[in-house]
Enquirer: 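Dumping the structure here so I can ask a few things about it.
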Amino acid sequence: MVRAKDVSVRAPPEEEEKMEEEKDFRDLLPDEDDLLYEEELLRNPYNLKLWLRYIEARKDASAKKRNVLYERALKALPGSYKLWYAYLKERRLRVKNAPVNSPLVTALNNTFERALISLYKMPRIWLEYLEFLTEQKLVTKTRRSFDRALMSLPVTQHDRIWVLYLRFVSQEGIPVETAVRVYRRYLKLEPSHAEEYVVYLVNKKRWRDAAEQLIRIVNDESFRSLQGKSKHDLWMDLCEIITNHPEEMKGLRVEDIVRGAIRKYKDDIGKLWTSLADFYIRKGFFEKARDIYIEGLHSVLTVRDFCLIYDALTQFEEALITAKMEQLGEEEEEKQQETDPNKFILNDTGDDLDLRLARLENLIERRPELLNSVVLRQNPHNVNEWHKRAKLFAQDAAKQIRVYTDAVKTVDPKLATGNPHSLWIAFAKVYEKHGDIANARVVYDKATEYPYLYLDNLATIWTERIEMELRHENYSIALNLARQGTEAPRKKRSRDEEIKMKVQERLYRSSRLWSLRLDLEESLGTPESIRKAYSTAMDLKVITAQMILNYASYLKEHNYFEDAFKAYERGIMLFKYPHLKDIWSAYLNDFTSRYKGTKIERTRELFREACDSAPSAFARPFFLKYAAFEEEYGLARNAMNVYENAVKHVQKGDRYQVYEIYIAKASEFFGIGKVREIYESAIESIDHPVSDDDTLKLVIQYSDLERKLGEIDRARAIMVHGSSIADPQKFKFFWSKWNDFEVRYGNEETFREMLRIRRSVAASFSQQHFNTSIIDAASVAVDSIAPAAEEPGADMAGLEEQQAPSTRVPGFVSAGVIQQGKKDEQEPETENPEGIDLGDEEEEDNVQLQTNVPEAVFGQLQHG
C-alpha cells in the first residue's frame with residue numbers, strides 16, 4: 001500500500017514554464033532595497049548620476065536585472081555615451097567566450113547597432129563594435145561596418161578606423177581582392193603608407209601589383225619612405241621583383257625599367273645587369289641573356305661589378321654546356337642514314353656543343369683584356385693601363401697599333417695619369433721593331449705636335465727619335481735633328497714670355513736635348529761646331545755642370561788647356577754650390593797637374609778664390625789641396641797659414657780632422673812649440689770652437705804629448721783645464737784616461753784632487769742630490785782603476801810586491817821624468833818619495849780599497 005505523501009504529483013510542462021516566467025519576472029521587479037532609487041527616479045528620471053549609482057549599487061544582481069536597469073536608463077537617456085559604453089562593455093565581457101553563432105552574440109550586435117543610432121559620431125563605440133565583429137570573422141558584415149564607420153566619422157578620426165581596418169583585411173581567410181581594394185582606398189588617404197601595401201602584396205605573392213605599386217613610388221619624387229628606405233633601395237626592390245617573376249610581368253617593359261636603374265645607380269650596376277640577364281634566362285631567351293651579359297661586361301666601371309658579371313656569364317655558359325651534354329647523352333643513337341652532302345643545312349642536327357665550348361674558351365682567354373677595358377673606362381687617361389693593354393697583344397702588331405692609336409687619341413695631357421709621351425714612344429717602337437722606319441718617323445712627327453704640359457716630355461720625344469736614327473746608323477739625320485731641336489730663336493725672350501708659350505716654342509731650353517746634341521757634336525761634328533754648340537749652351541744658360549766638365553775634358557784631350565781653363569771659369573760664373581764643387585775640384589786638379597810649381601802665384605789666387613767662395617760645408621777639401629800644394633811647391637809657413645784659415649772656415653764637424661792634420665804638419669815642420677800653440681788655440685778657441693767631444697780628444701792628445709815630453713805637471717794641468725766640460729756621465733773615456741794617468745804618475749794629493757774635481761763637475765752637470773753624485777763618481781772611479789794593472793810597469797810592480805808587505809792604499813804611483821822620444825812601454829818609472837799612507841781619513845775615498853793595488857807602487861813606504 002502506497003502512502004499518499006510519498007507520491008509526488010508533477011505539474012504539466014506548460015504550467016512549469018509559466019511558473020518560471022513568473023519567477024523571473026518577480027526577480028526583475030524592484031525589491032525593498034531599490035525603493036529609494038525608484039522613488040528618486042520617479043521624481044527625476046533624467047538624472048544620469050542617479051542611474052549610474054543605481055546600476056553600481058546593483059552590481060551583484062543578475063545579468064538580466066542589470067540589463068533591465070541599463071535598458072530603462074537608456075530609454076530615459078538614449079544619447080548618454082557613458083551609459084551606452086558601460087552597457088556595451090559589460091555585455092561584451094559576458095560573451096567573451098561564447099561561440100560566434102550564440103544568440104547572445106547576435107543580441108550584442110543588435111545592441112551595438114541600436115547604440116550607433118544615437119552615437120554614430122562616437123569613434124570609441126565604432127572601434128568596440130568593429131573589434132567585436134573582427135573577432136567573429138564575419139567578412140561581409142565587418143567590411144560594411146567599417147565602411148559605415150568611415151562614412152559616419154569625420155576624416156580627422158579615420159586614422160583610428162584604418163588601423164583596425166587594415167589589420168582586419170590582413171587576416172588569414174580574407175579574400176586578397178577585398179584587401180587590395182581596401183588598401184587602394186587607404187592609399188588615397190595616406191599615400192605615404194604605400195610600402196605597407198607592397199609588403200602585403202609580396203606576402204600574398206601578387207608580384208604584378210607589387211611591381212606596379214613600386215613603379216608609382218619610384219616615379220613619385222615627393223615620396224618619403226616611412227621605413228627609412230632610400231630611392232636606391234626601392235629601385236633595387238622593384239628590379240628584384242620584376243626580374244625574378246617574369247611570367248607575371250606581361251605588359252611591363254622590364255628591360256627599360258632595369259636599364260633606367262642602371263643609368264641612375266652606378267654602384268649596383270653589376271647586380272642589375274645580372275638580374276636582367278636572369279630575367280631572360282627564366283623566360284628561356286638564352287641568346288638574349290648572353291647579349292645582356294656581354295653588354296654588361298663592356299659597360300661596367302668597377303672591377304667588382306666586372307667580376308660579378310663575368311662569373312655569372314661563365315656559370316651560365318658552363319650550365320648550358322652541361323645541359324647540352326646531358327641532352328646528347330640521353331638521346332638514343334639513330335641509325336646512320338645516307339644524306340646528300342649538298343643538303344647539310346637541311347640535315348643539321350643542331351649540335352652546337354663545339355661552338356659553345358669555343359665560346360667559353362674565348363671568354364676565359366679574353367678576361368685580361370676585358371678587365372683592362374674596365375680600368376680604362378674608369379680613367380681613360382691612365383697611361384700605364386694603356387701600356388698594359390698593349391702588352392696583352394704582344395704577338396699581334398696590328399692590335400698593338402690599334403691600341404696605341406686609340407690611346408694617343410683618348411689621353412688628355414691635362415688629365416693624364418703617367419707620362420703621355422711614353423705612349424708615342426712605344427707606338428713608334430712598334431713600327432721600328434717590325435722594320436717600318438718611315439711610319440715610325442711619322443709617329444714621331446705627330447708626337448712633336450702633341451700639346452704636352454712639360455718641356456721634358458717633348459724633349460724625351462726628340463731624344464728618342466734621334467736615338468732611333470742612331471740605332472739605324474743615320475748619323476747625319478740624327479745630328480741635324482739635334483741641331484734643329486736646339487736651335488735658338490733669333491729674338492731673345494724674357495722668362496715671363498717663355499712661360500706663356502707652348503713647349504714646342506721652348507724646346508731649345510731643354511738640358512736633356514742639349515746634352516744629346518753636345519755628345520753628337522763631339523762624336524760627329526767639327527771642332528768649330530763643337531765650340532759653337534758649347535758656347536751657345538752657355539749663353540742660353542742651359543748647360544749643366546757635367547757639360548762643363550765634359551767640355552773641359554774635350555779641350556784637354558786636344559791640348560787646348562787654356563781654353564779648358566776658360567771653360568772652367570765660365571762654369572764658375574754660371575753655377576753655385578753644390579754644383580760648383582765638382583767644377584772647382586776639376587779646375588784645381590787640372591791646373592796644378594798642368595803647371596805644377598811654375599805658376600805659383602796664379603795657382604794661389606785660384607786656391608784663395610775657391611776657398612773663400614766655398615761654403616763651410618764644402619771648404620775642407622779645397623783648403624787641404626791648397627795646403628798640400630804649398631807643402632809641395634811653396635813654403636811651409638804658407639801651408640801653416642792655410643791650415644789656420646781652414647779651421648776658421650770649415651764647418652764645426654770637420655775642424656777636428658783639420659786640426660789633426662794641422663798638428664801633424666806643424667810637428668813635422670816646426671817642432672813642439674808650434675804644436676803647443678795649435679793645441680792651446682784649438683782648446684781655448686771661442687770664435688771657431690770644436691765640439692765638446694772633439695775638444696776632450698784634443699785635451700787628451702795634448703796631455704799625452706806633454707807626458708811623453710816628461711812634463712807631468714803640464715799634462716795634469718791640461719787635464720784639469722779640460723775637465724770643466726767633461727760630464728762624467730757622458731764622457732767616461734776622459735775620466736778613465738785621467739784616472740789611469742794619476743795611477744801611473746800621480747800621488748795621494750793629485751788623486752784626491754782629481755776625485756774632487758770629478759765630483760764638482762758631476763754636481764754641476766747633474767740635477768740630482770749632491771750625495772748621489774758623489775756615489776756615482778766613486779763607482780766610476782772604482783771601475784776605472786781595475787785596468788791599471790795592465791799598464792806598462794805592472795810586472796815590475798808585481799816583483800816589488802813580492803819583496804815586502806804593503807799598506808794597500810788605493811792606486812797611486814810615483815811621478816817621474818820620461819825621456820822624450822821613447823815609447824810608453826820603454827819609459828822607465830821612478831819611485832815617488834812623496835807617496836804616503838792614506839789611512840782612514842775619508843770614508844768616500846775608502847771605496848777604492850775594493851781593488852787590489854800592487855804594493856810595489858808605494859816604494860819604501862811599505863816599511864814605514
Enquirer: Look up atom OH in Tyr662 and atom CZ in Phe623, then write down how far apart they are to the nearest 0.5 Å.
Expert: 12.5 Å
Enquirer: Just by modelled atom types, is the Ala664 backbone N or O under 3.5 Å from a matching donor or acceptor in the Ser667 side chain?
Expert: no
Enquirer: Determine whether more than 12 heavy atoms belonging to other residues, nucleotides or ligands lie under 6.0 Å from atom OH of Tyr454.
Expert: no
Enquirer: Does the side chain of Asn747 come within less than 4.5 Å of Thr750's, by heavy atoms?
Expert: yes
Enquirer: How many angstroms lie between CZ in Phe731 and OG in Ser736, if you round to the nearest 0.5 Å?
Expert: 15.0 Å
Enquirer: Is there a donor-acceptor pair closer than 3.5 Å between any side-chain N or O of Ser511 and the backbone N or O of Val542?
Expert: yes
Enquirer: Does the structure place the NZ or CZ of Lys697 under 6.0 Å from the centre of the six-membered ring of Tyr656, at an angle of no more than 45° from the ring's axis?
Expert: yes
Enquirer: Where is the tightest heavy-atom contact between Ala627 and Tyr643, given as atom of each residue plus distance?
Expert: CB-CZ, 3.4 Å
Enquirer: Please answer whether the main-chain N or O of Ala726 pairs with a side-chain N or O of Trp735 as donor and acceptor at a distance below 3.5 Å.
Expert: yes
Enquirer: Start with the C-alpha gap between Tyr587 and Phe565, add the side-chain angles, then the distance that decides, and say whether ring pair (Phe, Tyr, Trp, His ring centres under 6.0 Å) holds.
Expert: CA-CA 7 Å; Tyr587 188 11; Phe565 299 150; 5.8 Å; yes
Enquirer: Regarding Asn379 and Thr417, do their side chains bring together a donor and an acceptor under 3.5 Å, going by distance alone?
Expert: yes
Enquirer: Quick one: closest heavy-atom pair of Ile425 and Glu464, and the distance?
Expert: CD1-CG, 3.5 Å
Enquirer: Do we see a donor-acceptor contact under 3.5 Å between the side chains of Ser691 and Asp694?
Expert: yes
Enquirer: Using the rule given for salt bridge (charged side-chain N to carboxylate O under 4.0 Å, His left out), can you reason through Glu385 versus Lys388, listing the C-alpha separation, both sets of side-chain angles and the distance that settles it, and then say yes or no?
Expert: CA-CA 5 Å; Glu385 292 301 327; Lys388 291 179 182 179; 3.4 Å; yes
Enquirer: Kindly indicate, with the supporting measurements, whether the criterion side chain to side chain donor-acceptor pair (under 3.5 Å) is fulfilled by Ser553 and Asn550.
Expert: CA-CA 5 Å; Ser553 177; Asn550 294 341; over 6 Å; no
Enquirer: Run the side chain to side chain contact (heavy atoms under 4.5 Å, CB included) check on Tyr626 and Arg604 step by step: do they pass?
Expert: CA-CA 8 Å; Tyr626 187 12; Arg604 286 173 176 168; 3.8 Å; yes
Enquirer: How far apart are the C-alpha atoms of Glu680 and Tyr702, what are their side-chain angles, what is the distance that settles it, and do they pass the side chain to side chain contact (heavy atoms under 4.5 Å, CB included) test?
Expert: CA-CA 9 Å; Glu680 292 174 1; Tyr702 190 16; 3.1 Å; yes
Enquirer: Tell me which one of Thr463, Thr486, Thr536 satisfies side-chain hydrogen bond (donor to acceptor under 3.5 Å, both in side chains) with Arg517.
Expert: Thr486
Enquirer: Go through it in stages, so that I can follow the logic: the residues are Ile700 and Phe734, the test is side chain to side chain contact (heavy atoms under 4.5 Å, CB included), and I'd like the CA-CA distance, side-chain angles, deciding distance and then a yes or no.
Expert: CA-CA 7 Å; Ile700 293 173; Phe734 175 81; 3.9 Å; yes
Enquirer: For the pair Arg570 and Asp539, find out whether any cationic side-chain nitrogen is under 4.0 Å from an anionic carboxylate oxygen.
Expert: yes
Enquirer: Which donor-acceptor pairs under 3.5 Å do side chains of residues 717-725 form with protein atoms, sequence neighbours excluded?
Expert:
unit_1, atom_1, unit_2, atom_2, d
Ser723, OG, Val720, O, 2.6
Ser724, OG, His721, O, 3.3

Enquirer: If only atom types and distance count, is the side chain of Ser535 paired as donor or acceptor with the main-chain N or O of Lys532 below 3.5 Å?
Expert: no
Enquirer: Less than 4.5 Å apart, any side-chain heavy atom of Leu696 and any of Phe733?
Expert: yes
Enquirer: Test your reading of the model: is there a side-chain donor-acceptor pair from His579 to the backbone of Phe575, 3.5 Å cut-off?
Expert: no
Enquirer: Would you say the side chain of Leu458 lies within less than 4.5 Å of the side chain of His421, judging by non-hydrogen atoms?
Expert: no
Enquirer: Taking 4.0 angstrom as the limit, do Lys737 and Asp740 come out as a salt bridge?
Expert: no
Enquirer: Does the side chain of Ser422 come under 3.5 Å of the side chain of Asn419 through a donor N or O and an acceptor N or O?
Expert: no
Enquirer: Nearest 0.5 Å please: distance from the CG atom of Leu624 over to the CZ atom of Arg620.
Expert: 6.5 Å
Enquirer: Kindly indicate whether the side chain of Ile712, heavy atoms from C-beta on, has any atom under 4.5 Å from the side chain of Phe741.
Expert: yes
Enquirer: Does the Ser681 side chain pair with the main chain of Ile678, one donor and one acceptor, at a distance under 3.5 Å?
Expert: yes
Enquirer: Parallel, tilted or perpendicular for Phe591 and Tyr595, by the 30°/60° rule?
Expert: tilted
Enquirer: Considering non-hydrogen atoms only, spot the tightest contact between Lys648 and Arg655 and give its length.
Expert: O-NH2, 4.2 Å
Enquirer: Taking everything shown except Met501 itself, do over 12 heavy atoms lie less than 6.0 Å from its CE?
Expert: yes
Enquirer: For residues Leu705 and Ile672, determine if any side-chain heavy atom of one lies less than 4.5 Å from a side-chain heavy atom of the other.
Expert: yes
Enquirer: How about Trp584 and Ser613: do any of their side-chain heavy atoms sit closer than 4.5 Å?
Expert: yes
Enquirer: Once you round to the nearest 0.5 Å, how far does OH of Tyr568 lie from CG of Asp563?
Expert: 12.5 Å
Enquirer: With a 4.5 Å heavy-atom cut-off, do Val503 and Asn457 have their side chains touching?
Expert: no
Enquirer: Considering residues at least two apart in sequence or located in another chain, which fulfil the salt bridge (Lys or Arg N to Asp or Glu O under 4.0 Å) criterion with Arg714?
Expert: Glu706
Enquirer: So which heavy atom on Leu588 is nearest to which on Ala610, and how close?
Expert: CD1-CB, 4.0 Å
Enquirer: Can you name the nearest heavy-atom pair linking Ile543 to Tyr534, along with the distance?
Expert: CD1-CD2, 4.0 Å
Enquirer: Verify salt bridge (charged side-chain N to carboxylate O under 4.0 Å, His left out) between Arg608 and Glu605, making sure each step is shown before the conclusion.
Expert: CA-CA 5 Å; Arg608 292 193 195 99; Glu605 291 179 2; 5.6 Å; no
Enquirer: Working note: Arg752 + Glu749, criterion side chain to side chain contact (heavy atoms under 4.5 Å, CB included); need CA distance, chi angles, decisive distance, verdict.
Expert: CA-CA 5 Å; Arg752 281 177 181 275; Glu749 183 179 355; 5.7 Å; no
Enquirer: Using the ring centroid of each side chain, check whether Phe607 and Phe622 are separated by less than 6.0 Å.
Expert: no
Enquirer: Going through the checks in order, is the side chain to side chain donor-acceptor pair (under 3.5 Å) test met by Asp582 and Ser585?
Expert: CA-CA 5 Å; Asp582 296 332; Ser585 297; 5.4 Å; no
Enquirer: For a 4.5 angstrom cut-off between non-hydrogen side-chain atoms, does Ile661 reach Gln657?
Expert: no
Enquirer: Quick one: does any side-chain atom of Ser515 pair with a main-chain N or O of Arg512 as donor and acceptor, under 3.5 Å?
Expert: no
Enquirer: Measure the spacing between CD of Glu668 and CD of Glu631 and express it to the nearest 0.5 Å.
Expert: 7.0 Å
Enquirer: Does the distance from a Lys or Arg side-chain N to an Asp or Glu carboxylate O, for Arg716 and Glu742, drop under 4.0 Å?
Expert: yes
Enquirer: Going from CZ on Phe618 to CD on Gln651, what distance comes out if it is rounded to the nearest 0.5 angstrom?
Expert: 8.5 Å
Enquirer: Using every non-hydrogen atom in the two residues, find where Val650 and Val658 come nearest and quote the distance to one decimal.
Expert: CG2-CG2, 4.2 Å
Enquirer: Should we count CZ of Arg637 as having more than 12 external heavy atoms under 6.0 Å?
Expert: no
Enquirer: Run the salt-bridge test on Glu522 and Arg531 with the 4.0 Å N-O cut-off and return the result as yes or no.
Expert: no
